[in-house]
Amino acid sequence: MKDHTLNQYVFNALTDLSPVMAEDGINYRVPVQVATETSNKYVVHVGNMSIRVFTDDTLPDFIRVRLSMIKASGVGETLNTKLDDILTTLELFRTRKGNLETVGWQASSTMFIVVMGDKELASLKGMT
């Protein structure tokens, strides 16, 4: 069951999810799936058909801090009640206006959008 859960997230990651340029034209909105059924696994969609999978021990600090802020705030409430596999791209990237608009938001029970800059996204792609 443990492997099935992670495989499900990896399978879902092989869709057309990719970072989207934020309205400010500087930052990116990056989809992050969080699998918590067995242990925390984080699937970060870094580009066309490319993902990075992290654990609690390997998750970059800048993502950890933003996810904590999102979960601790009102932005952490789930915006969509649909299951992840039927969320549309529009629903996923719909901006939750508010204080953490430049940090990120929770799009569903397991999907988050984390806002980050060029250098942070490049580091996730291994381009630093």
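No experiment lies behind these values; they were computed from the predicted model shown. All values below were derived from every heavy atom in this structure, side-chain atoms included, with hydrogens, water molecules and symmetry-related copies excluded.
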All heavy atoms of P19 vs all of V30, minimum pair found to be CB-CG2, 4.0 Å
List the steps, then state whether side-chain contact (heavy atoms from CB on, under 4.5 Å) holds for Y28 with V115. CA-CA 5 Å; Y28 290 90; V115 178; over 6 Å; no
Atom NZ of K41 and atom CG of L59: how far apart are they, to the nearest 0.5 Å? 12.0 Å
Could you measure the distance from the CG atom of D56 to the OH atom of Y42? Nearest 0.5 Å is fine. 4.0 Å
Note, K71 side chain near F112 side chain (heavy atom, < 4.5 Å): yes
Where do V32 and I113 land on the side-chain contact (heavy atoms from CB on, under 4.5 Å) test, with the steps shown first? CA-CA 6 Å; V32 177; I113 298 298; over 6 Å; no
The side chain to side chain donor-acceptor pair (under 3.5 Å) partners of D24 (sequence neighbours excluded) come to N27
Does the side-chain contact (heavy atoms from CB on, under 4.5 Å) test come out yes or no for V114 and L67, once each step is laid out? CA-CA 7 Å; V114 176; L67 286 175; 3.9 Å; yes
Is a salt bridge present between K125 and E120, judged by a nitrogen-to-oxygen distance below 4.0 Å? no
Report the distance from atom CZ of R52 to atom OG of S123, rounding to the nearest 0.5 Å. 8.0 Å
What heavy-atom pair brings I51 and H45 nearest, and what distance separates the two atoms? CG2-ND1, 4.0 Å
Please tell me if the side chains of N40 and T55 come closer than 4.5 Å, counting only heavy atoms from C-beta onward. no
To the nearest 0.5 Å, tell me how far M49 CE sits from L17 CG. 10.0 Å
Is there a chain of hydrophobic side chains (I, L, V, M, F, W, Y, each step under 4.5 Å between heavy atoms) that links V65 to L124? yes
Apply side-chain contact (heavy atoms from CB on, under 4.5 Å) to R29 and M116, showing your working. CA-CA 7 Å; R29 298 172 175 171; M116 62 184 72; over 6 Å; no
When rounded to the nearest 0.5 angstrom, what is the spacing between CH2 in W105 and CZ in R66? 12.5 Å
Minimum-distance pair of heavy atoms, taken over all atoms of I63 and V44: CD1-CG2, 4.2 Å
Quick one: CZ on F54 to CZ on R64, what's the gap to the nearest 0.5 Å? 10.5 Å
